[in-house]
*Asks:* 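Handing you this structure, nothing more for now.
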Amino acid sequence: MGGHAGGITEHLRLSTAIRKAGRRGILPLIADIKPVSPRDGNLVGQRDVAELARSLVKAGACALSVVTEPTQFGGSLEILRCVSEAVPVPVLRKDFLTATEQIEESAAHGAAAILLILATIPDPLAADLYRSAQNRGLEVVVEIHTREELQRALALFPTIIGINNRDILSLERDSGDVRVTEELAPHVPPGIVKISESALMTEADIRRAVTAGANAVLVGTAILRAEDPAAFVSSLIGRISP
Ligand SMILES: O=C(O)c1ccccc1NCC(=O)[C@H](O)[C@H](O)COP(=O)(O)O
């Protein structure tokens, strides 16, 4: 799958990977690699990140995300590169991006998509960053947590909207609630890929997100805290249909 450009594998688009899994009746699950949770502490520990990434994809994750924010989440661009080089699926970079130079940096480290968090980015900057990412061939997950942010997101004509069940402004110290997806997903126009992100801790949470209309789920803590993360992913995918 894909070719090579400057040492980094060129991956499928994130929206394509999600749609493809959904069409095949496979739960589109994005497994999130977050080294540290401000709420739950160290999640990756001494594990080899490349091996972890490969095992999650082998278990059926259609894409991965990597949190690169270093101070609160223990992430780095090196981890992004390591994961992107290890797997043949799209990798989403999750960070508080605010500058156009970070678009090039994301692409150079193998990201297929970036996150734009509307809670932290004013409208003109969001539009600039969205355009820059598109011009660089990256997809954008426009992240929202409120109805007001959904209206702002729609003005960008996004292909993917991420509904964050946690309040990122509290740096994920809140417990989050899938009710946020249940409230917002029905208001997202058809044709836009909807990802329910964060605080999906149980099979029941994921079922609720899918029932509310999420086309994909992004799960971090529950996978990384499982005794066997790959077995956990494959059991979720085996038990839940999109
Ligand atoms: O989600 C964000 O907006 C975000 C931005 C920058 C750094 C970290 C961020 N959130 C952390 C995550 O991406 C979560 O790890 C991910 O949504 C999975 O959540 P969970 O399943 O609750 O661990």
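In each ligand, atom 1 is the first atom listed, and ligand 1 is the first ligand listed.
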*Asks:* Could you tell me whether a side-chain N or O of Gln102 sits under 3.5 Å from a main-chain N or O of Thr98, the two making a donor and an acceptor?
*Replies:* yes
*Asks:* Judged by atom type as modelled, is there a donor-acceptor pair below 3.5 Å linking the side chain of Glu149 to the main-chain atoms of His145?
*Replies:* yes
*Asks:* Check each heavy atom of Thr221 against ligand 1 and say whether those closer than 4.0 Å belong to the side chain, the backbone, both or neither.
*Replies:* both
*Asks:* At less than 4.0 angstrom from any non-hydrogen atom of Phe73, what atoms of ligand 1 do you find?
*Replies:* 7 (C), 8 (C), 11 (C)
*Asks:* Could you check whether Arg147 pairs with Glu183 (Lys NZ or Arg NE/NH1/NH2 to Asp/Glu carboxylate O, under 4.0 Å)?
*Replies:* no
*Asks:* Which of the numbered atoms in ligand 1 are below 4.0 angstrom from a heavy atom of Leu218?
*Replies:* 16 (C), 17 (O), 18 (C)
*Asks:* Would you please test Asp205 and Thr202 for side-chain hydrogen bond (donor to acceptor under 3.5 Å, both in side chains) and show each step?
*Replies:* CA-CA 5 Å; Asp205 291 336; Thr202 63; 3.3 Å; yes
*Asks:* Using distance alone, determine whether Glu69 and ligand 1 share an N or O pair under 3.5 Å.
*Replies:* no
*Asks:* Can you check whether Thr181's main-chain N or O pairs, donor with acceptor, with Asn165's side chain at less than 3.5 Å?
*Replies:* yes
*Asks:* What I want to know is whether Leu115 and ligand 1 share at least one N or O pair that is separated by under 3.5 angstrom.
*Replies:* no
*Asks:* Test of understanding: given a 4.0 Å heavy-atom threshold, classify the contact between Ala199 and ligand 1 as side chain, backbone, both, or neither.
*Replies:* backbone
*Asks:* So which atom in Val219 and which in Ile206 form the shortest heavy-atom distance, rounded to 0.1 Å?
*Replies:* CG2-CD1, 4.1 Å
*Asks:* Using distance alone, decide if ligand 1 has a nitrogen or oxygen within less than 3.5 Å of any nitrogen or oxygen in Asp95.
*Replies:* no
*Asks:* Once you restrict to heavy atoms under 4.0 Å, what part of Gln72 touches ligand 1? Side chain, backbone, both or neither.
*Replies:* neither
*Asks:* With the side chain counted from C-beta on, respond yes when Leu43 and Arg225 share a heavy-atom pair under 4.5 Å apart, and no when they do not.
*Replies:* yes
*Asks:* With clusters built from Ile, Leu, Val, Met, Phe, Trp and Tyr whose side-chain heavy atoms come within less than 4.5 Å, directly or transitively, what are the remaining members of the cluster of Val180, listed by chain and number?
*Replies:* Leu97, Ile103, Ile114, Leu116, Leu118, Ile121, Leu125, Leu129, Tyr130, Leu138, Val140, Val142, Ile144, Leu150, Leu154, Leu156, Ile161, Ile163, Leu184, Val188, Ile192
*Asks:* Output the list of atoms in ligand 1 that are nearer than 4.0 Å to some heavy atom of Lys94, sorted by atom number.
*Replies:* 1 (O), 2 (C), 12 (C), 13 (O), 16 (C), 17 (O)
*Asks:* Which atoms of ligand 1 have any heavy atom of Asn164 under 4.0 Å away?
*Replies:* 1 (O), 2 (C), 3 (O)
*Asks:* Kindly confirm or rule out an N or O of Ile117 lying under 3.5 angstrom from an N or O of ligand 1.
*Replies:* no
*Asks:* I'd like to know whether ligand 1 has Arg166 as a neighbour, heavy-atom separation below 4.0 Å.
*Replies:* yes
